[in-house]
Amino acid sequence: MKTSEDVRKLCEEKQIRMIDFKMTDLNGRWRHVTIPVERFDDDIFVYGIGFDGSNYGYAPIEKSDMVFIPDPDTATVDPFAEIPTLTMCGNVCTIGEDENRPFDQYPRNVALKAVEYMKEEQIADRMVIGPEFEFYLLDHVSYNVTPQKCSYSIDTRQAEWNSGIDNGQNSGYQVPYQGGYHAAAPQDVGYNLRSKMCMLLEDWGVKVKYHHHEVGGPGQMEIEVELGDMVDMADKTMIVKYVLKNAAAAEGRTVTFMPKPIYKEAGNGMHVHMLLMKDGAPIFYDKDGYSGLSHTAHYFIGGLLRHIASLCAFTNPSTNSFKRLVPGYEAPVTIGYATSNRSAVIRIPAYAKKPEAKRFELRNPDATANPYYAYSAILMAGLDGIRNKIDPREHGWGPFDCNLYSLSPEEQKKIQSLPRSMGEALDALENDHDYLTAGGVFPQRLIDIWLERKRKELQEIEQIPSPSEFKYYYDL
């Protein structure tokens with residue numbers, strides 16, 4: 001753990017001139033405030049930096065003035081700032097007469113509260129997770145949404161659609177349609193940049209497991225990180241997105257985590273691996289259980305599957321999310337679990353055999369999620385399953401050791417499906433959120449404002465004519 005004295009020493013060592021404070025808004029975007037290093041003192045860790053919270057999207061409180069309290073343990077040098085800059089994230093408080101109070105809607109505070117609740121219930125003392133980051137690396141993107149024009153255009157030189165360009169500069173090394181999985185150079189034109197991204201992440205304290213080209217031919221990539229504690233990993237999810245976007249921008253390229261940016265190509269997920277620890281021991285392992293999982297692990301799975309529809313409102317909070325959750329692209333569409341089955345929404349990796357590595361992954365989330373809310377909601381659903389001993393086998397949720405995509409239509413009708421739209425997920429959240437408000441982890445005001453803002457977003461998008469509607473209906 002760093003102290004304010006450590007931060008000052010780091011500033012001297014790195015000749016820091018500016019200190020940057022990164023805050024997270026309701027949707028999961030970083031915002032920031034920067035001060036000269038000369039203005040930095042110990043009072044900042046007590047009284048914080050004041051700002052107007054009404055602009056961040058949260059439900060209004062009696063007074064909109066808030067303070068950001070930086071966490072010195074998150075201090076690191078921002079590799080993208082031209083002026084030597086130290087950056088920190090932290091927590092947001094409301095201003096009280098005697099002392100500041102943690103703002104209960106702030107994403108990082110919700111995550112801290114979820115972990116605290118898990119400990120109070122004496123179920124576990126660590127929630128360990130590992131997200132996988134899929135993204136597209138592109139050379140160009142443009143979009144336009146106006147009353148008289150609605151369009152978008154993307155391009156990357158490695159895409160199959162560029163194989164016919166005859167301008168004297170075409171290498172002929174395009175990646176085939178849906179043929180990018182583990183593609184090597186020269187087809188993999190993002191290889192060197194991904195390695196740079198990984199080194200930047202390592203320097204920031206994010207441990208990288210590996211990186212590779214993913215299935216999507218027009219530049220789909222993946223970087224997977226090592227497992228870590230939930231709140232820390234939520235911080236690191238924000239760091240990963242920041243580093244990848246800025247590293248690409250520095251080379252004149254662009255990164256998107258949109259779940260489905262390219263029609264008929266693989267979508268971008270953010271699969272989340274998870275396990276619980278108590279007193280230093282894993283509680284998801286049982287050598288005699290199905291796939292090596294304990295009863296506790298099965299109950300956790302049961303909680304996830306019971307609440308999966310409402311969970312999607314936080315783990316898949318965009319209209320674009322549900323364009324990814326369709327058959328044929330290794331994305332889940334049904335409610336169930338199994339070993340080594342990528343068509344199930346919960347997959348148990350067969351290669352994770354050691355007790356301390358025994359885990360499963362939730363495959364529906366994507367990176368349009370606010371990671372603090374999404375990971376907290378996942379934890380709360382799992383804890384509800386443990387507390388109420390929800391056995392997924394008793395509810396017909398598996399295990400499904402078969403390809404769920406290949407089932408007949410009659411067999412598929414027997415299996416529950418994930419929400420097919422953002423509207424369905426929001427309706428599910430409205431009707432099923434008691435597991436989130438347990439222990440005061442998710443305040444009701446947060447859920448209300450989330451539903452209100454997301455429904456407004458959905459209504460606006462649904463009212464915009466799309467180019468495909470012109471294709472089908474213009475001449476009728």
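- Heavy atoms only, all atoms of each residue included: M270 and P131 are closest at CG-CB, 4.0 Å.
- Close placement of the W450 and Y373 rings is indicated, their centers lying within 6.0 Å of each other.
- Listed by first and then second residue, the salt bridge (Lys or Arg N to Asp or Glu O under 4.0 Å) pairs that reach into residues 226-237 are R108-D235, R126-D229, D232-K236, sequence neighbours excluded.
- W397 and Q416 are linked by a side-chain donor-acceptor pair at a separation below 3.5 angstrom, with hydrogens and angles left out of the test.
- Y136 is listed as a side-chain neighbour of E265, based on a closest heavy-atom distance under 4.5 Å.
- Using a 3.5 Å distance cut-off with no hydrogens or angles, the side chains of Y290 and T339 do pair a donor with an acceptor.
- Aromatic ring pairs are classed by plane angle as parallel below 30°, tilted from 30° to 60° and perpendicular above 60°; the pair F300 and F284 is perpendicular.
- Summarising the geometry, atom CG belonging to D188 is positioned 8.5 Å from atom NE2 belonging to H211; distances are rounded to the nearest 0.5 Å.
- For N109, the side-chain contact (heavy atoms from CB on, under 4.5 Å) partners at least two apart in sequence or on another chain are N91, P102, F103, Y106, L112.
- For the pair K241 and F257, the cation-pi test (distance below 6.0 Å, angle within 45°) is passed.
- Applying the salt bridge (Lys or Arg N to Asp or Glu O under 4.0 Å) test to every pair with at least one member in residues 380-389, sequence neighbours left out, gives these pairs: D384-R387.
- Heavy atoms only, all atoms of each residue included: A114 and L379 are closest at O-CD2, 3.8 Å.
- Looking only at side-chain heavy atoms (C-beta outward), P218 and W161 come within less than 4.5 Å of each other.
- A tilted orientation is assigned to the rings of H212 and Y210, their planes being inclined by 30° to 60°.
- A salt bridge is absent between K260 and D366: the closest approach of a Lys/Arg side-chain nitrogen to an acidic carboxylate oxygen does not fall below 4.0 angstrom.
- In this structure the side chain of L362 never reaches within 4.5 angstrom of the side chain of H271, judged on heavy atoms.
- In this model, no donor atom of one side chain and acceptor atom of the other lie less than 3.5 Å apart for N320 and S318.
- In summary, R455 and E430 engage in a salt bridge, as defined by a charged side-chain N under 4.0 Å from a carboxylate O.
- Contact annotation: the side chain of L227 approaches that of L275 to within less than 4.5 Å [non-hydrogen atoms, C-beta and beyond].
- Nearest approach of A438 to Y117, heavy atoms of both residues: CB-OH, 3.7 Å.
- Of all heavy-atom pairs between L451 and L426, the closest is CD2-O, 3.3 Å.
- Of all heavy-atom pairs spanning R359 and L293, the tightest one is O-CD2, 4.4 Å.
- The heavy-atom pair separating V208 from C198 by the smallest distance is CG1-SG, 3.7 Å.
- Among residues at least two apart or in separate chains, there is no ring pair (Phe, Tyr, Trp, His ring centres under 6.0 Å) pair with a member in residues 217-238.
- Within the structure, no pair that satisfies the ring pair (Phe, Tyr, Trp, His ring centres under 6.0 Å) test touches residues 213-241, not counting sequence neighbours.
- Distance check, rounded to the nearest 0.5 Å: CZ of F322 to CG of N364 gives 8.5 Å.
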Could you list the donor-acceptor pairs under 3.5 angstrom formed between side-chain atoms of residues 22-29 and any protein atom two or more places apart in sequence or on another chain?
residue : atom : partner : partner atom : Å
K22     : NZ   : D20     : OD2          : 2.8
K22     : NZ   : D78     : OD2          : 3.1
K22     : NZ   : T87     : OG1          : 2.7
D25     : OD1  : N27     : N            : 3.1
D25     : OD1  : G28     : N            : 3.0
D25     : OD1  : R29     : N            : 2.8
D25     : OD2  : R31     : NE           : 3.2
D25     : OD2  : R31     : NH2          : 3.3

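- Contact of the L418 side chain with the P332 side chain is registered, since non-hydrogen atoms from C-beta on lie closer than 4.5 Å.
- Cation-pi geometry between K454 and F314 is not satisfied (NZ or CZ under 6.0 Å from the ring centre, within 45° of the ring normal).
- Residue L244 is tested with L200, L137, T256, L201 for a side-chain contact (heavy atoms from CB on, under 4.5 Å); the sole match is L201.
- In this structure A369 satisfies the side-chain contact (heavy atoms from CB on, under 4.5 Å) test together with P317, A374, sequence neighbours excluded.
- For the residue pair H273 and E132, a side-chain donor N or O sits within less than 3.5 Å of a side-chain acceptor on the partner.
- Residues passing the side-chain contact (heavy atoms from CB on, under 4.5 Å) test with K354 are E356, A357, sequence neighbours excluded.
- Judged as a salt bridge (Lys or Arg N to Asp or Glu O under 4.0 Å), not a single pair has a partner in residues 277-296 (not counting sequence neighbours).
- Inter-residue side-chain proximity for Q105 and V92 is flagged as unmet; no heavy-atom pair is nearer than 4.5 Å.
- Distance alone, capped at 3.5 Å, places no donor-acceptor pair between the N162 side chain and the Q158 backbone.
- For residues 419-440, every residue pair satisfying the ring pair (Phe, Tyr, Trp, His ring centres under 6.0 Å) rule, not counting sequence neighbours, is listed here: H307-Y435.
- A heavy-atom distance below 4.5 Å is not found between the side chains of K113 and V110.
- Taking A124 as the reference, M118, L276, I283 meet the side-chain contact (heavy atoms from CB on, under 4.5 Å) condition, with sequence neighbours excluded.
- A donor-acceptor pair shorter than 3.5 Å cannot be found between the side chains of N144 and S151.
- The salt bridge (Lys or Arg N to Asp or Glu O under 4.0 Å) analysis of residues 462-473, with sequence neighbours excluded, yields no pairs.
- Between the side chains of N316 and S321, no donor-acceptor pair is found at a separation under 3.5 Å.
- Ring pair F400/Y337: centre-to-centre distance not below 6.0 Å.
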